[in-house]
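Worksheet for the structure shown next.
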Amino acid sequence: MLMKTTTRAALIAALALTTAAAWPRAASADTVLRIGMTAADIPRTLGQPDQGFEGNRFTGLTMYDALTGWDLSSADKASVVIPGLATEWKVDDADKTKWIFKLRPGVTFHDGSPFNADAVVWNVEKVLKQDAPQFDASQVGVTASRMPTLASAKKIDDMTVELTTKEPDSFLPINLTNLFMASPAKWQHFYDKAEGADAKAKSQAAWTAFAKDAAGTGPWKMASFTPRERLELVKNAAYWDKARVPKVDKMVLLPMPEANARTAALLSGQVDWVEAPAPDALPELKQRGFKLYANEQPHVWPWQFSRVEGSPWNDIRVRKAANLCVDREGLKDGLLAGLMVPATGTFEPGHPWRGKPSFEIKYDKAAAQKLMQEAGFGPSKKLTVKIQTSASGSGQMQPLPMNEYLQQALAECYFDVKLDVIEWNTLFTNWRRGAKDPSANGSNATNVTYAAMDPFFALVRFLQSGMAPPVSNNWGFIHEPKFDELVKKARQTFDPAARDAALAELHAASVDDAAFLYVAHDVGPRAISPKVTGVVQPKSWFIDFSLVSMQ
């Protein structure tokens, strides 16, 4: 470990000396914030980002708004859903599948066209209505899977829309934070100019052009875009929320998937801000005056198990043994330099959705070994498992070192862990294809971190049998009737306290079933230049760049 740390430190130092010419400085009097992302590419810019929630963070919430949003103004309080482009909403008392949303007046897209009910219907249909001219199959996977019950949208008047769900769904207002509003007028402009053999080809050409010159309603506007290299955003001085007009003139986003390279770029002054710095560089960063930000996020770093026929994880003794064989405190204090919270489930004690699980997730190697021996394994007969993971990515923290730590830890409990390492966005795409798809490459677990901000993201999309691919993210094809029953109960309960009780029961059942290998909650570490002020690190995957100033 000492040799590895020394080698990394030397690499970072060398990179810091050689990176100076890599990222040209802006020759301008404007204030410019330069950010090194963990993504290997710029997340899609056309309105529905890819790259997981890192995409939403950088090319979703910056250039676009949704009907509902997240309160990112506090580092102390939980981030909750607040009005966005909708000012209020209500479910129909007589028909719980219908919702009325009142829209915010006076909002315009970056191209000057008005935001109204027609724009909402257009954006719903871009991902739900296959015969709509603007329908784009490439945007469906990252959108429909996050709001699977939304069926249609109807204009009531210019400032009112009715949204209909396939079944009563109390989660809808939370789910809608993922549907970003792109300008129909701007898209139509590109469609009218597009060449193509038919309407579908012209539509694809229009979306390709839109991605290079996008228009949303958000606090940042696209200035220039070079795929795989950089995205430059400028402040939207006419943004509808005057308190969130950016204080910085320009923000430059740079894909930097390798932690040491990101850290070197920060040390050399080529960026002002990096996501997930190299943990072993933290002492030097602090010594050099850089600010470190971290806060517990609604986030889980897991292994998600395959439950298809023949999977070694179908034996609950094996699933429980894996959970008991990991020294999470050792991972926290050693490899991650304190930048994690040990996970004992999706939610920790004190959370309203925690419940009272009877299976206690802790480090107990002897108990883990006993369970594995009961399952037929031991020192001379190890259980081979294969995990698909990535080298970097949104919320993935330090995936390779962390998985190597698990590989070594689980070896002491008679597991033989094989790693299948692929690029992050490919892993994220495979997540929606499932364990049965060839893209799993024989893996019987996947390591994709997940958000725990709302019931659907935290529990339903993994535990409900109807959320199996291609619908959503039940990658392992879990099929437990008890889970389905509790999901239905929670989704159809509109009283908040009763809904929380149902969700707590569902969470406790999932922990007792050892549905995941629960490892860590991220704290979203960021290393930032002292020139950057006004940073609020909320308890969220997201952050509001509008609040940031540059000295």
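As the structure is a computational prediction, the values presented were derived from the model and not from experiment.
Within 6.0 Å of atom NZ in K382, more than 12 heavy atoms from other residues, nucleotides or ligands are found, so the atom counts as buried in its surroundings. The number of heavy-atom neighbours closer than 6.0 Å to NZ of K488, taken from other residues, nucleotides and ligands shown, is 12 or below.
Note: R34 CZ to L266 CG = 9.5 Å, rounded to the nearest 0.5 Å. Atom OG1 of T38 sits about 12.0 Å away from atom CE of M397, to the nearest 0.5 Å. Between L33 atom CG and K531 atom NZ the span is 10.0 Å, to the nearest 0.5 Å. Between the OG atom of S311 and the CZ atom of R319 there is a distance of 9.0 Å, given to the nearest 0.5 Å. Here the OH-NZ distance, from Y414 to K381, works out to 14.0 Å after rounding to the nearest 0.5 Å. Of the inter-residue distances, the one linking D280 atom CG with L282 atom CG reads 8.0 Å to the nearest 0.5 angstrom.
Here the two rings, on W301 and H521, have centers that are 6.0 Å apart or farther. For W431 and Y450, the distance between ring centers is not under 6.0 angstrom. The aromatic ring centroids of F542 and F53 lie less than 6.0 Å from each other.
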Original post:
Between S472 and F456, is a side chain to side chain contact (heavy atoms under 4.5 Å, CB included) present by the stated rule, with each step listed?
Top reply: CA-CA 10 Å; S472 195; F456 177 73; 3.7 Å; yes
**OP:** Check the pair D41 / Q51 against side chain to side chain contact (heavy atoms under 4.5 Å, CB included), numbers first and verdict last.
**Re:** CA-CA 8 Å; D41 194 1; Q51 307 277 356; 3.8 Å; yes
Original post:
For Y64 and W220, what are the C-alpha separation, side-chain angles and deciding distance, and is it a ring-ring contact (aromatic ring centres under 6.0 Å, His included)?
Top reply: CA-CA 8 Å; Y64 298 94; W220 299 86; over 10 Å; no
**OP:** Walk me through it: do T344 and E348 pass the test side-chain hydrogen bond (donor to acceptor under 3.5 Å, both in side chains)?
**Re:** CA-CA 6 Å; T344 63; E348 297 307 311; 2.5 Å; yes
Original post:
When you look at N444 and S306, which way does the side-chain hydrogen bond (donor to acceptor under 3.5 Å, both in side chains) test go after all the steps?
Top reply: CA-CA 5 Å; N444 44 53; S306 168; over 6 Å; no
Original post:
Between V448 and L427, is a side chain to side chain contact (heavy atoms under 4.5 Å, CB included) present by the stated rule, with each step listed?
Top reply: CA-CA 8 Å; V448 182; L427 177 71; 3.7 Å; yes
Original post:
Yes or no on side chain to side chain contact (heavy atoms under 4.5 Å, CB included) for V535 and F545, after CA distance, side-chain angles and deciding distance?
Top reply: CA-CA 8 Å; V535 178; F545 299 108; over 6 Å; no
**OP:** Please assess E505 against K356 for the test salt bridge (charged side-chain N to carboxylate O under 4.0 Å, His left out), listing each intermediate value before the final yes or no.
**Re:** CA-CA 8 Å; E505 193 178 351; K356 298 178 180 179; over 6 Å; no
**OP:** Please assess E412 against K365 for the test salt bridge (charged side-chain N to carboxylate O under 4.0 Å, His left out), listing each intermediate value before the final yes or no.
**Re:** CA-CA 8 Å; E412 297 185 20; K365 185 168 70 174; 2.7 Å; yes
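Of the possible polar contacts, none joining the N323 side chain to the K362 backbone as a donor-acceptor pair under 3.5 Å is found. A side-chain donor-acceptor contact under 3.5 Å links R288 to the backbone of L267. With hydrogens and angles disregarded, a donor-acceptor distance shorter than 3.5 Å links the side chain of R262 to the backbone of A276. A donor-acceptor pair is defined here as one N or O able to donate and one able to accept, closer than 3.5 Å; no such pair exists between the side chain of Y518 and the backbone of V300. Using a distance-only test at 3.5 Å, with no hydrogens or angles considered, no donor-acceptor pair links the side chain of D272 to the main chain of I528. A donor-acceptor pair under 3.5 Å is formed between the side chain of S170 and the backbone N or O of R491. Of the possible donor and acceptor atoms, none in the side chain of N178 sits under 3.5 Å from a partner among the backbone N and O of T143. A donor-acceptor pair under 3.5 Å is formed between the side chain of S268 and the backbone N or O of A264. Formation of a donor-acceptor pair under 3.5 Å by the R328 side chain with backbone atoms of A343 is found in this model. A distance-only check finds a donor-acceptor pair linking the side chain of E423 to the backbone of T426 [under 3.5 Å].
Side-chain atoms of N447 and P302, non-hydrogen and from C-beta on, do get closer than 4.5 Å to each other. At least one side-chain heavy atom of F290 sits less than 4.5 Å from a side-chain heavy atom of P530. Here the side chains of P470 and R432 are not in contact, with every heavy-atom distance at 4.5 Å or above. Side-chain contact between V318 and F415 is present, with heavy atoms from C-beta onward closer than 4.5 Å. Put simply, the side chain of M402 reaches to within 4.5 Å of the side chain of L335, judged on heavy atoms. Using a 4.5 Å heavy-atom threshold, the side chains of Q407 and L419 count as touching. Looking at D544 and S73, their side chains never come closer than 4.5 Å, going by heavy atoms from C-beta outward. Proximity of V421 to L400: side-chain heavy atoms (C-beta onward) are separated by under 4.5 Å at one or more points.
Nearest heavy-atom pair, Q48 versus F180, reported as atom, atom and distance to 0.1 Å: OE1-N, 3.0 Å. Between R228 and A40, the shortest heavy-atom distance links the atoms NH2-O, 3.7 Å. Heavy-atom minimum distance, P342 versus K332: CD-CD, 4.1 Å. Here the closest non-hydrogen pair linking G345 and V511 is CA-CG2, 4.1 Å. Taking all atoms of both residues into account, the shortest heavy-atom contact from R499 to T493 is N-CG2, 3.4 Å. Of all heavy-atom pairs spanning T449 and G395, the tightest one is CG2-O, 2.9 Å.
Between R317 and E374 there is no salt bridge, since no side-chain N of the basic residue sits under 4.0 Å from a carboxylate O of the acidic one. Using a 4.0 Å cut-off between charged nitrogen and carboxylate oxygen, D513 and K320 do not count as a salt-bridge pair. In summary, R44 and D50 do not engage in a salt bridge, as defined by a charged side-chain N under 4.0 Å from a carboxylate O.
For the residue pair T446 / Q304, no side-chain donor-acceptor distance below 3.5 Å is found, with atom types taken as modelled. Of the N and O atoms on the side chains of T389 and N403, at least one donor lies less than 3.5 Å from an acceptor on the other residue.
Applying the ring pair (Phe, Tyr, Trp, His ring centres under 6.0 Å) rule to pairs touching residues 368-387 yields nothing, sequence neighbours excluded. Applying the side-chain hydrogen bond (donor to acceptor under 3.5 Å, both in side chains) test to residues at least two apart or on different chains, the pairs with a partner in residues 474-487 are S465-D484. Residue pairs meeting the disulfide (SG to SG under 2.5 Å) criterion with at least one partner in residues 350-462, sequence neighbours excluded, are C325-C413.
Ring orientation note: the planes of W313 and F305 are close to parallel, at an angle under 30° on the 30°/60° scale.
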